Amino acid sequence: MRAVFFIKKICTFVSMQKNETNSETSILTNLNDAQRAAVEFCDGPSLVIAGAGSGKTRVLTYKIAYLLEQGLPPYYILSLTFTNKAAREMKSRIAELVGEKKARSLWMGTFHAIFARILRKEGEAIGFKPNFTIFDTADSRNLIKLIIKDMKLDDKQYRQNAIHGQISKAKNSLITPAMYAANSELLEYDRRARQPQLFEIYQRYQNRLRAANSMDFDDLLMYTNILFRDHKDILEKYRNQFQYILVDEYQDTNFSQHLIVKQIADAHHRVCVVGDDAQSIYSFRGANIDNILNFKSNFPETKVFKLEQNYRSTQNIVNAANSLIRQNTEQIEKDVFSENEVGDKLEILGTFSDFEEGLVVANKIARMRLERHDTYSDFAILYRTNAQSRIFEDALRKKNIPYRIYGGKSFYQRKEIKDVISYFRLIVNPSDEEAFRRVINYPTRGIGNVTVGKIASSAELHNVSLWEVLSSPIEYNLEINAGARNRLATFQSLISGFIEQRDTISAYEIAQEVIKKSGISHEAYSDLTPEGLSRSQNIQELINAMEEFVSTRQEEGDENILLTDFLSEVSLLTDQDTEDDEEAQKVTLMTVHSAKGLEFNHVFVVGMEEDLFPSSMAKSENRGLEEERRLFYVALTRARKTCTVTYAKSRFKNGQTNSAKISRFVMEIDQAYVSEESILNYSNKGTSSADDFWGTMRQQRVKRESLGRAATKDIAPQRAPERRGNIVSVNNAAPSMPLSQEAKELQVGNIIEHERFGRGEVTSIELSGNDRRAFVEFESAGKKQLLLKFAKFNIIE
DNA sequence: TAACACTTGTTTTTT
DNA sequence: ACAAGTGTTA
């Protein structure tokens with residue numbers, strides 16, 4: 001209560017001395033007018049529309065620092081971010097401004113992390129024990145698969161991923177199973193979609209989760225809403241505590257998240273949301289752009305601030321991105337501009353194949369690094385799908401360029417790690433069905449599907465957890481033979497032993513016990529295959545991480561760090577959260593989605609082809625298409641200095657090479673901001689689509705090569721020779737790519753040392769397009785053609 | 001029950 | 001290409 005007055009006082013205090021520069025307002029001098037205005041306004045709801053690169057994080061950081069500096073206790077501030085990483089970074093920046101101690105007691109984190117913490121404390125009010133475990137996506141899907149099987153439904157008609165998506169959507173819209181079953185519109189929709197039983201799957205899924213004392217990601221938000229809805233005393237408590245709420249990336253919140261914010265903020269309206277509608281890219285996950293578009297109607301007295309000056313990028317990049325996003329219809333009007341240098345124009349490079357795309361990018365990175373005296377960490381390659389990373393990895397490795405990949409399978413999703421973590425989950429929460437199923441026969445101990453099936457049906461019959469059946473097999477009439485019974489009893493006492501230690505010894509200590517006694521370490525160490533080795537390394541890494549977790553927490557003053565502490569921390573971590581070594585000079589490879597909020601001097605947006613970017617999935621709906629366009633906008637605006645956009649004429653996908661067409665988005669960029677060479681390459685499209693860029697000569701050659709194949713599409717470049725690693729393929733891409741010094745000087749008769757083929761003599765050189773190719777007789781590798789633009793070799797004599 | 005060969009579908013993005 | 005699922009054999 002006192003805090004309410006407190007805030008009012010701060011605000012009047014500040015507005016009185018707005019124009020003075022004394023020590024109290026000193027932090028504000030680092031801000032521009034718009035930013036400062038947004039920071040200073042703290043007596044009501046505010047919406048900060050922050051264009052790309054306009055200092056959004058800066059505003060949030062300074063705003064929090066500002067509130068703290070004025071004396072508002074940190075634990076009164078709730079600050080919600082989109083990723084753990086963002087939270088961590090913001091925290092450390094605030095610590096620099098106001099000191100470590102205050103920063104540490106801020107409530108700052110992702111929606112999921114913060115409300116998981118609150119649910120652990122308050123969950124008993126809605127029937128959850130504080131040791132509940134969290135199902136990740138894979139766990140959820142496994143459970144859904146089991147349910148579909150139990151219900152004897154056709155798994156082609158009810159595909160687990162689709163079902164999970166539907167359930168997730170329902171949860172994010174706060175539709176409980178009961179509401180779902182009562183909603184004739186939804187039922188009708190499902191009937192038409194030939195999934196009439198969907199509501200029952202949802203129902204059962206939710207029951208099973210509850211029986212397992214577990215929540216999935218969406219539950220963390222949904223149950224928070226339910227908790228606040230049904231327990232006003234608890235809501236009141238947090239309303240009083242969170243006197244000021246800040247939300248980052250508001251354009252990516254879903255209804256469930258929005259309502260949590262609203263429920264808390266309704267008491268005092270001191271809420272500041274920051275976002276950019278032009279960067280809303282998560283609607284597939286239920287994010288609702290309307291949250292930001294309609295924020296004002298929820299809080300009518302909302303003050304809107306617009307940050308329009310981009311400090312990140314050159315004028316060319318900002319203008320190019322603006323010209324793209326202008327094609328969208330739904331957006332808040334704003335005028336993002338840059339006063340940085342005009343900078344280089346965008347470069348658009350078409351290549352013959354995805355393979356060549358990799359080489360072109362790798363080469364350009366190598367060249368630019370030297371020309372511009374930048375480090376590898378100034379470069380990023382951004383793609384639409386994780387599957388595209390492979391080809392760039394190969395190309396970079398070939399050129400000895402260090403890189404770091406984000407995304408894909410995260411550390412915690414690796415099988416061996418999930419297995420170990422499942423032991424932890426079962427120990428902390430023996431009801432956890434997924435964990436139980438995962439570990440009961442890992443390492444193999446002769447308990448197969450049949451036995452597990454018996455336990456499961458008995459558990460369902462008696463309405464208890466699998467663990468309880470396992471613990472009292474006789475009581476629950478478990479009919480199995482003596483051998484199986486023995487093995488079950490051994491497993492049961494193994495886990496019971498861990499459970500007894502769970503609350504006394506540290507997370508690190510119990511983890512070591514688990515590895516040893518469960519037989520995991522024995523199995524891991526006896527596997528000497530390369531994969532086995534990497535698996536035991538991963539397990540070791542997990543143990544090391546736990547040791548570090550325990551010791552840092554102890555240094556911070558906590559005493560006994562239990563397994564449950566570690567588990568609740570780790571369940572919400574993703575790959576993005578693994579500490580990156582700042583010093584490492586590596587090229588960054590990631591999806592555009594995970595690049596949100598980051599920036600690099602030089603950005604390569606790759607794979608700009610129809611059906612890939614925009615993805616074929618998104619194209620059917622206009623809204624989907626606009627989201628893809630925003631995604632491309634996000635990609636372009638990551639760049640500070642240069643931006644290169646690439647596409648390939650053919651791409652290997654799902655075991656097949658398909659011909660591809662340049663993305664419509666590339667055409668939408670105003671050509672005034674695109675380098676002239678690039679324009680020549682792609683702009684004369686309209687005349688004949690088959691005749692663009694590549695020139696007739698090249699296509700004819702390709703057709704000749706693919707002769708005899710049924711070529712239904714315009715080109716069907718099957719198994720390009722480069723797949724095998726020989727750099728002999730057609731190419732005339734990358735007009736901007738100059739030959740290396742070596743390549744320029746190369747003459748017939750030279751002896752060269754090639755990176756892979758070894759020594760060889762140049763027998764002839766010919767011109768192909770605007771490039772040269774050399775025919776080389778290698779001592780061991782035989783006759784090869786080298787494309788001088790790409791070939792890596794030294795002239796020996 | 002487990003190990004293996006064979007078939008099938010699958011890919012958008014992530015807390 | 002690849003992973004997951006299915007079926008066959010020991």
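This structure is a prediction, so every number in the text was calculated from the model and none was measured. Quick note on labels: first sequence line is chain A, next is B, and so on, each numbered from 1. For the numbers below, each heavy atom of this structure counts, side chains included, while hydrogens, waters and symmetry mates do not.
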Mind checking F82(A) for me? I need base, sugar-phosphate or nothing, with any heavy atom below 4.0 Å counting as a touch.
sugar-phosphate

In whole Å, what is the span from the CZ atom of R141(A) to the P atom of dG9(B)?
18 Å

Quick one: label R390(A) by what it contacts on the DNA or RNA (base, sugar-phosphate, nothing), any heavy atom closer than 4.0 Å.
sugar-phosphate

Report which part of the nucleic acid F613(A) touches: base, sugar-phosphate, or nothing (heavy-atom distance under 4.0 Å, all strands).
nothing

Ranking dA2(B), dG5(C), dT14(B) by distance to the side chain of N441(A), first place goes to dA2(B)

State whether the aromatic ring of F284(A) stacks on the base of dT13(B), taking stacking to mean ring centres under 5.5 Å apart and ring planes under 30° to each other.
yes

Does T137(A) reach a base, just sugar-phosphate, or nothing at all? Heavy atoms under 4.0 Å.
base

Side chains of R630(A) and Q331(A) in contact at under 4.5 Å (non-hydrogen atoms):
no

Picking from dG9(B), dT15(B), dT13(B), the nucleotide nearest the side-chain atoms of T110(A) would be dT15(B)

For the side chain of R159(A), counting heavy atoms from C-beta on, which of dT13(B), dT15(B), dT10(B) is nearest?
dT10(B)

Run the salt-bridge test on D139(A) and R425(A) with the 4.0 Å N-O cut-off and return the result as yes or no.
yes

For dT11(B), the Watson-Crick or wobble counterpart (both distances under 3.5 Å)
none

Heavy atoms only, 4.0 Å cut-off, all strands: where does V450(A) land among base, sugar-phosphate and nothing?
sugar-phosphate

Hey, does K596(A) reach any base, or is it just sugar-phosphate, or nothing, if we go heavy atoms under 4.0 Å?
nothing

What's the verdict on side-chain hydrogen bond (donor to acceptor under 3.5 Å, both in side chains) for N131(A) and T564(A), showing C-alpha distance, side-chain angles and the deciding distance?
CA-CA 7 Å; N131(A) 61 341; T564(A) 168; over 6 Å; no

